[in-house]
Structures are given as C-alpha cells and as structure tokens.
Amino acid sequence: MLRLALSLLLLLSASAAIAQSKAIEVFYLGTPDCPYCRKWESQTRPGFLASPEGKAVTYVEIRGETLRQPIVARHYPAKYQWVYEQIGDSRGVPRFLLAEDGKVLHSAFGTDGFDKVLLPALKKVLARRR
C-alpha cells in the first residue's frame, strides 16, 4: 500500500512539473511611485487581463519599493526566483517579461514596449501553441 501511495505521489509530482514547464507567463515589474506604472495599471492592465491573450497566460506582478532602487531578488516570490536568476537586478519600470517553459524570452520597458514588443511576441507564442 505504501509503495502504491509513493508511486502515485511521484506521478503527481512529475505531472505538476510537466504542467508548470508548459506555462506561458507575463511578468509586470512596477513600483508605487512610478506614474507610468499607475497609468498602465489603471488603463491597460484591465483590458489585457480580460483579453484572450491575458486569459491564456499566468500574469504575475513583481513590486519594487521605489523608482530610486532596483527590483532585486527579495521582491520575487520564491516560486519565481528563476526569473530573477535570468534577468538580475532591474532598473526602469514599468518592465514586462514574457516567459515560456521557464525561460524569459522577451523583455520590454515602458508602456510602448508592452504594446510594441511584448504583446506581439505573446501573440506569436500563443499562435505557435495552437
């Protein structure tokens, strides 16, 4: 019985790892004192999250304290430390990252970067997966 339970536990763990590795994630890095961040959060974020693209991804916000300090490892939840390991300290917000299967593929700064870089790249990734 114990052997069966352990086998099931290993199978579930492997399934969870496979499911996580197939994730498409959009990361938003911002600070409370960034006027461009506040504008994106109030005007663009709701539409993005309601869009087919927004619904197809895991959306994660990473918050720094202030524009005057970089966003560093301690700002990332433990399960997203892999993102920090790939991009390091981040200065300049808003910043947007597109990750697929645990790898950061695209990085864009500013609200224009979201519209002109990140969103088109996300659409390509989603189209490729269909």
Side-chain angles (χ1 to χ4, degrees):
M1 187 62 110
L2 181 59
R3 190 178 277 179
L4 177 61
L6 287 173
S7 296
L8 286 173
L9 183 61
L10 286 173
L11 182 61
L12 289 173
S13 296
S15 297
I18 291 168
Q20 184 177 4
S21 72
K22 298 297 181 188
I24 300 172
E25 295 153 314
V26 171
F27 294 86
Y28 163 71
L29 285 67
T31 61
D33 60 345
C34 166
Y36 301 104
C37 298
R38 288 193 304 267
K39 181 179 178 185
W40 187 85
E41 291 167 13
S42 66
Q43 295 180 9
T44 306
R45 178 178 57 189
F48 169 67
L49 293 176
S51 72
E53 294 81 14
K55 290 178 180 179
V57 302
T58 299
Y59 172 78
V60 180
E61 292 191 0
I62 307 295
R63 296 274 180 186
E65 286 113 27
T66 176
L67 285 167
R68 294 178 298 279
Q69 298 174 349
I71 296 175
V72 297
R74 68 182 160 81
H75 295 112
Y76 289 78
K79 73 186 241 179
Y80 294 115
Q81 284 296 309
W82 60 269
V83 176
Y84 175 77
E85 291 168 6
Q86 291 181 42
I87 68 164
D89 293 355
S90 183
R91 288 197 179 271
V93 289
R95 185 175 185 185
F96 304 91
L97 307 169
L98 174 60
E100 181 180 21
D101 300 338
K103 182 177 181 196
V104 176
L105 301 177
H106 296 279
S107 174
F109 288 93
T111 55
D112 280 351
F114 176 80
D115 294 331
K116 295 177 181 175
V117 176
L118 190 104
L119 203 49
L122 174 57
K123 289 179 180 184
K124 286 181 184 176
V125 168
L126 292 173
R128 182 172 32 98
R129 287 188 165 225
R130 288 187 184 127

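Starting from 1, each residue takes its place in the sequence as its number. Nothing here was measured: the structure is a model prediction, and the numbers come from that model.
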K.L.:
Are the side chains of Val83 and Leu29 in contact, using a 4.5 Å heavy-atom criterion?
P.N.:
no
K.L.:
A side-chain contact here means heavy atoms from C-beta on lying under 4.5 Å apart; do Glu53 and Val26 qualify?
P.N.:
no
K.L.:
In the structure I gave you, are the side-chain heavy atoms of Val117 and Phe109 within less than 4.5 Å of one another anywhere?
P.N.:
no
K.L.:
Can a donor-acceptor pair be found, under 3.5 Å and without considering hydrogens, that links the side chain of Arg38 to the backbone of Pro32?
P.N.:
yes
K.L.:
Measure the shortest side-chain to side-chain distance between Asp33 and Arg68 over non-hydrogen atoms and say whether it is less than 4.5 angstrom.
P.N.:
yes
K.L.:
Would you compute the distance between atom OH of Tyr84 and atom CD1 of Ile71 and round it to the nearest 0.5 angstrom?
P.N.:
11.0 Å
K.L.:
Can you tell me if Ser51 uses its side chain to pair, donor with acceptor, with the backbone of Gly54 under 3.5 Å?
P.N.:
yes
K.L.:
Which heavy-atom pair separates Ile62 from His75 by the least distance, and what is that distance?
P.N.:
CG2-O, 3.8 Å
K.L.:
Tell me whether the rings of Phe96 and Tyr28 are parallel (<30°), tilted (30 to 60°) or perpendicular (>60°).
P.N.:
tilted
K.L.:
Assigning hydrophobic clusters by single linkage (Ile, Leu, Val, Met, Phe, Trp, Tyr; side-chain heavy-atom cutoff under 4.5 Å), is Ile24 placed with Phe48?
P.N.:
yes
K.L.:
Determine, stepwise, if the pair Glu25 / Lys79 fulfils salt bridge (charged side-chain N to carboxylate O under 4.0 Å, His left out).
P.N.:
CA-CA 13 Å; Glu25 295 153 314; Lys79 73 186 241 179; over 6 Å; no
K.L.:
If every non-hydrogen atom of Cys37 is compared with every non-hydrogen atom of Pro94, which pair is closest and at what distance?
P.N.:
SG-N, 3.7 Å
K.L.:
To the nearest 0.5 Å, tell me how far Glu41 CD sits from Arg45 CZ.
P.N.:
4.5 Å
K.L.:
If you compare all heavy atoms of Leu119 against all heavy atoms of Asp115, which two are closest, and at what distance to 0.1 Å?
P.N.:
CB-O, 4.1 Å
K.L.:
Looking at Lys124 and Glu100, does any basic side-chain N land under 4.0 Å from a carboxylate oxygen?
P.N.:
no
K.L.:
Do you reckon Leu118 sits in the same ILVMFWY cluster as Tyr36, going by side-chain contacts under 4.5 Å, direct or chained?
P.N.:
no
K.L.:
Can you see which heavy atom on Ala108 is nearest to which on Gly113, and at what distance?
P.N.:
CB-O, 3.4 Å
K.L.:
Could you tell me which non-hydrogen atom of Ala99 sits nearest to which non-hydrogen atom of Phe27, and how far apart they are?
P.N.:
CB-CE1, 4.0 Å
K.L.:
Is there a donor-acceptor pair under 3.5 Å between the side chain of Gln81 and the backbone N or O of Ala73?
P.N.:
yes
K.L.:
Does the side chain of Leu98 come within less than 4.5 Å of Val125's, by heavy atoms?
P.N.:
yes
K.L.:
Any side-chain heavy atom of Asp89 within less than 4.5 Å of one from Val72?
P.N.:
yes
K.L.:
Please give me the minimum heavy-atom distance between Glu61 and Arg63, naming the atom from each residue.
P.N.:
OE1-NH2, 3.0 Å
